[in-house]
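One structure is given below, encoded as structure tokens.
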Amino acid sequence: MENAPLQQLTPSQEEAVRHIEGPLLVVAGPGSGKTRVITHRIAALIDSGVRPYNICAITFTNKAAEEMRQRACDLGASGGAHISTFHSLCVRILRRYADRAALRPNFSIYDQKDQARCVKQAVKDCRFDTSNFPPARMLDAISTLKNRLIDAESFRNDADDFFSKTLAEIYLRYQNLLSENNGLDFDDLLMKAAFLIEGAPEVNTELANRFKFLLIDEYQDTNHAQYRIAKALVSRHGNICATGDPDQSIYRWRGADINNILAFESDWPDARIVKLEENFRSTPNILAVADSLISHNQKRKLKRLVPTREQGGDVVIRAFEDENAEAAGIVRSIEMLLEQGVSLGDVAVFYRVNSMSRVFEEALIRTKIPYQVVRGVEFYNRKEIRDILAYLKMLVNPEDEIALLRIINTPTRGIGKTTIDRIGAYASANRISLFAALKKAEQIDSLSRGAKAKVAAFVEMFKRFANANVGPVAPLAEVVFDVSGLSASLLAAGAEGKDASDNVSELISAAADYDRQSEEPSLIDYLQQISLFSDTDAYDPTTGRVALMTLHAAKGLEFENVFIAGVEEGLLPHERTNSYENADELEEERRLLFVGVTRAKTNLHISYAQYRTIRGQSLRTIPSQFLFELGCNFDQQSGIDEDCDFDDEPVSEAAGVRFEKGELVRHQSFGLGRVVDFVNIGENSTVTVKFNTGQTKSLMLKYTDLVKV
DNA sequence: CTTGAGTTGGTTTTT
DNA sequence: CCAACTCAAG
């Protein structure tokens, strides 16, 4: 979506486009026309004689890559330039140089759930207790290590305390499991590619000759592995152009290192820095709110938000009784916008956690307003979809045991746990894969006559699939769905099965799209593409529906009308972020709201509920501290639209108690604790207490019975 | 071997 | 609250 006022480039944008040779950092605020600058830059590079083939642009999502390809095409810079995400680029590199990376090119890509399974297995294999070493935690730790390019061997060699040694053992086992399955997880894609490029000079040379100009978008959200890949790729020529905004860094928890962008100048001493501070997206009052909010972050480089649009539109902060009232109120506002002639595609609702989508869906269904929940990966997490994909994965990579175990008895075909265990025992005794053992079932003495026959039938079925695997994916998927018995078993399962069956049909038509769009469709390519699918990839701006999505998914998008719901303590900032003790995490949550706010072009509605149902029970909430940082007063009780006025009236002094940090206090139900923080904002003052029970709570002074001890 | 009832435990954001 | 797991009956 190009902004109308951007008829031509501003001087800064012009500079960012024309500075061709050497390192360039474009620090681009929200709505500054950054995407436009990047595409113009690609065109300018080609104009100046660079072959498209020698350009590599890296985006944050596949969707963004697709859009950039389209826009570059519109500028006449069509074809040839490599535009993709870091992960997709790594897949291509690893497949191409598989032998140099000690890999086989038909590797499976393991997602979150596959990873969880493997880690769990690894913890068990190492004979550790899964309650002392929760797989989720271990996976997190392993992921962090991989993002920092610390492989299992070197981590083990440096491990000196008990926890590290345990983790090292699990990490090693986990990597072994993956390699036995010929699988790579998301982090492996980056880590193995980084090690390959850094460790094999001839590969590096080849890639440097191929990619003579590297452009990286959303640089503030790159992790260390990506940073090292980028650095290695441009080490020969230094032609790197990074764009990003430190204030929009929201993936720290995933290993994103904001220092990559902050330290760009010291990494590249001759770097040219261009700041894009003009905002062509939002009205001045929206920008005032955004600026007021983000200025509460201490660790940041000062950047201005310069409005270019005329004043207009609303910034509204609203309080609602509970989450149902909030959803109903937002839907009511959407209806009012509709009456004003707004089109549904110009409306979006953002929230912090996916589980919040439900209440909005229900309200929208009730009022018959069409909507889309932007959650692409959810589709691929459905049981029936994972089932059929597991069949397909097996065809590409028969060593993928996770996939095999998933489908060997799905639908049920009489190959149960006992049979699988016996085949598994045979497989490990003979050091062959499970699938190889299946083919030799006839020779496994422990198997009953019936079991042997059933296994043989399964193997036979796979041969049939393999013969049908000749290129296009959709016809193959259809054969698999049918012959595997999956289709029949869903058909027999009533209404739910009908839904599931429809989902598979949807997958098959998506595969048909792939077949049509791909020059040379292949199963391996298709599977690797969909593994790297993201939530935002599912967003279709052409449907004319209200978009519901998380604040994270909203990154990079813009809407005329934005609603941000559930801005409450515990939700935003989210309680699991440890924001009370860790200032960095609090700042990241603040950036997340900043991203949400700056998506809005004309109307911005922020809301919270005074009660929210959490795990079945309705709990009183506390308005988010961020609400008080937006620089406008709001009425907490009314629930009536309250236009944000920018009064600088001092808030009334707290009537009564003040708490000091470190003070000992007692709460009616939580008991003794110590004050961690006290925010004195009049009647809405909050006090944060770390209780002796171990939990830290943020309490609103006027609702709580907190006494000094 | 399958199925269903009952139990347990975990509960953010995502390439 | 929900998903994943366990266990006993068929």
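Labels below follow one simple rule: chain letters A, B, ... track the order of the sequence lines, proteins then strands, and each chain is numbered from 1.
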For [X], which contact category applies under a 4.0 Å heavy-atom criterion: base, sugar-phosphate, or nothing?
X: A:Asn354; value: sugar-phosphate
X: A:Thr613; value: nothing
X: A:Ser531; value: nothing
X: A:Tyr251; value: sugar-phosphate
X: A:Lys120; value: sugar-phosphate
X: A:Asn62; value: nothing

Looking at the side chain of [X], which of [options] is the nearest nucleotide?
X: A:Lys113; options: B:dT15, C:dA4, B:dT14; value: C:dA4
X: A:Asn409; options: B:dT13, B:dT2, C:dA4; value: B:dT2
X: A:Val353; options: B:dT12, B:dT14, B:dT11; value: B:dT12
X: A:His574; options: B:dT15, B:dT12, B:dC1; value: B:dT12

Could you state the atom-to-atom distance from [atom1] of [X] to [atom2] of [N] in whole Å?
X: A:Asp188; N: B:dT15; atom1: CG; atom2: C1'; result: 13 Å
X: A:Glu378; N: B:dT14; atom1: CD; atom2: P; result: 11 Å
X: A:Arg576; N: B:dG10; atom1: CZ; atom2: P; result: 10 Å
X: A:Ile614; N: B:dT12; atom1: CD1; atom2: P; result: 12 Å
X: A:Glu218; N: B:dT14; atom1: CD; atom2: P; result: 15 Å
X: A:Phe60; N: B:dT13; atom1: CZ; atom2: P; result: 15 Å
X: A:Arg375; N: B:dT14; atom1: CZ; atom2: C1'; result: 9 Å
X: A:Gln248; N: B:dT13; atom1: CD; atom2: C1'; result: 16 Å

Using a cut-off of strictly less than 4.0 Å, decide whether [X] has a side-chain nitrogen or oxygen near OP1 or OP2 of [N].
X: A:Ser534; N: B:dT15; answer: yes
X: A:Thr61; N: B:dT15; answer: no
X: A:Ser355; N: B:dT12; answer: no
X: A:Lys63; N: B:dT14; answer: no
X: A:Asn223; N: B:dT15; answer: no
X: A:Arg358; N: C:dC2; answer: yes

(message) Name the residue from A:Glu569, A:Glu323, A:Glu321, A:Glu568 that meets the salt bridge (charged side-chain N to carboxylate O under 4.0 Å, His left out) definition with A:Arg612.
(response) A:Glu568
Write out a two-atom table: protein N or O, nucleotide N or O from nucleotides 3-8 of chain B, distance below 3.5 Å.
none

(request) Anything under 30° is parallel, anything over 60° is perpendicular, the rest tilted; go ahead and classify A:Tyr251 against A:Phe60. (result) tilted
(message) Parallel, tilted or perpendicular, judged at 30° and 60°: which one describes the rings of A:Phe128 and A:Phe133?
(response)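 Rings of A:Phe128 and A:Phe133: tilted, 30 to 60°.
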(request) Hey, could you give me the CZ/CG distance between A:Arg254 and A:Asn147, rounded to the nearest 0.5 Å? (result)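 Reported value, rounded in 0.5 Å steps: 8.5 Å.
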(message) Name the residue from A:Leu207, A:Ile83, A:Leu94, A:Leu233 that meets the side-chain contact (heavy atoms from CB on, under 4.5 Å) definition with A:Leu89.
(response) A:Leu233
(request) Could you say whether A:Arg352 or A:Lys454 is positioned toward the 5' end of DNA chain B, judged by the nucleotide with the nearest heavy atom to each? (result)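 The residue whose closest nucleotide sits nearer the 5' end is A:Lys454.
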(request) Please tell me which of A:Gln112 and A:Thr418 maps to the more 5' nucleotide of DNA chain B, matching each residue to the nucleotide holding its nearest heavy atom. (result)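 Its nearest nucleotide lies further toward 5', so the answer is A:Thr418.
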Any luck finding a side-chain donor-acceptor pair between [X] and [Y] under 3.5 Å?
X: A:Asp387; Y: A:Thr410; result: no
X: A:Glu361; Y: A:Tyr371; result: yes
X: A:Asp400; Y: A:Tyr110; result: yes

(message) Suppose you measure atom C1' in B:dT13 against the same atom in C:dA4; what distance do you get, rounded to whole Å?
(response) 22 Å
(request) Test side chain to side chain donor-acceptor pair (under 3.5 Å) on A:Asn106 and A:Asn182 and set out the steps. (result) CA-CA 8 Å; A:Asn106 62 332; A:Asn182 189 19; 2.9 Å; yes
(request) Would you please determine if the base of B:dT13 is stacked by A:Trp253, with stacking meaning a centroid separation under 5.5 angstrom and planes under 30 degrees? (result)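 Yes.
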